Amino acid sequence: MPTFGPIKRRELISYLRQVGFSGPYSGSKHQFMLKGQLRVRIPNPHRGDIGRNLLRQILREAGIDREEWENL
């Protein structure tokens, strides 16, 4: 179960795959993952860990609430 806090990009991708997203695919500036018609941008891999605020934005785009995230 991931905690709601800083997370590595690779772990984020793994958890998003567990809830049904596929990818990541190349976009113009950022990679993205898909689940049906839902498209979620993924931060570039050259940065450090993904912080709480960016994780919150990504989960909002993905339609995943904090409780669901912590129960994966």
Side-chain angles (χ1 to χ4, degrees):
M1 288 183 250
T3 59
F4 187 79
I7 187 171
K8 296 190 181 310
R9 180 181 187 274
R10 187 173 299 216
E11 293 172 352
L12 173 65
I13 291 170
S14 174
Y15 291 129
L16 288 175
R17 284 182 180 155
Q18 287 180 21
V19 295
F21 282 85
S22 61
Y25 302 104
S26 294
S28 60
K29 292 186 178 181
H30 293 279
Q31 291 183 331
F32 62 92
M33 295 184 76
L34 295 173
K35 181 178 180 180
Q37 297 295 320
L38 190 59
R39 180 177 172 157
V40 176
R41 288 180 296 152
I42 302 297
N44 291 324
H46 63 290
R47 300 272 176 148
D49 285 352
I50 298 168
R52 292 173 61 100
N53 290 333
L54 183 54
L55 177 60
R56 184 178 297 118
Q57 289 176 338
I58 293 169
L59 294 180
R60 190 178 308 132
E61 284 182 22
I64 300 171
D65 64 13
R66 184 175 177 167
E67 184 178 316
E68 181 182 356
W69 174 257
E70 291 176 342
N71 289 324
L72 286 178

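Residue numbers start at 1 and run along the sequence shown. Values below: every heavy atom of this structure, side chains too, minus hydrogens, waters and symmetry copies. Because the structure is a prediction, the values reported are computed rather than measured.
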### Message
Working to the nearest 0.5 angstrom, can you tell me the gap between Arg66 CZ and Leu59 CG?
### Response
10.0 Å

### Message
Taking side-chain hydrogen bond (donor to acceptor under 3.5 Å, both in side chains) as the cut-off, I'd like each qualifying pair that reaches into residues 55-64, sequence neighbours left out, listed once.
### Response
Arg41-Glu61, Asn53-Arg56

#### Entry: Residue pair Leu54 / Pro43, side-chain heavy-atom distance below 4.5 Å
yes

### Summary
In short, side-chain hydrogen bond (donor to acceptor under 3.5 Å, both in side chains) pairs touching residues 26-35 with sequence neighbours left out are Arg9-Gln31

### Message
Would you say CD of Gln18 has more than 12 non-hydrogen atoms from neighbouring residues, nucleotides or ligands within 6.0 angstrom?
### Response
yes

### Task
Working to the nearest 0.5 Å, report the span between CG of Leu12 and CH2 of Trp69.
5.0 Å

### Euclidean distance, Asp49 CG relative to Glu11 CD, rounded to 0.5 Å
8.0 Å

### Any residue meeting side chain to side chain contact (heavy atoms under 4.5 Å, CB included) with Gln37, in chain and number order, not counting sequence neighbours
none

### Message
If I compare all heavy atoms of Arg52 with all of Pro6, which pair ends up nearest, and what's the gap?
### Response
CG-CD, 4.1 Å

### Query
What distance separates Phe21 CZ from Leu38 CG, expressed to the nearest 0.5 Å?
4.5 Å

### Query
Do Ile58 and Phe32 share a hydrophobic cluster (ILVMFWY, side-chain heavy atoms under 4.5 Å, transitive)?
no

#### Entry: side chain to side chain contact (heavy atoms under 4.5 Å, CB included) partners for Ser22, two or more places apart
Tyr25, Leu34

### Message
Quick check: do Leu16 and Ile64 have side-chain heavy atoms less than 4.5 Å from each other?
### Response
yes

### Set of salt bridge (charged side-chain N to carboxylate O under 4.0 Å, His left out) partners for Asp65, sequence neighbours left out
none

### Query
Do Pro45 and Lys8 come within less than 4.5 Å of each other through their side chains, counting heavy atoms only?
no

## Note on the structure
Gly63 and Glu68 have their tightest heavy-atom pair at O-OE1, 4.2 Å

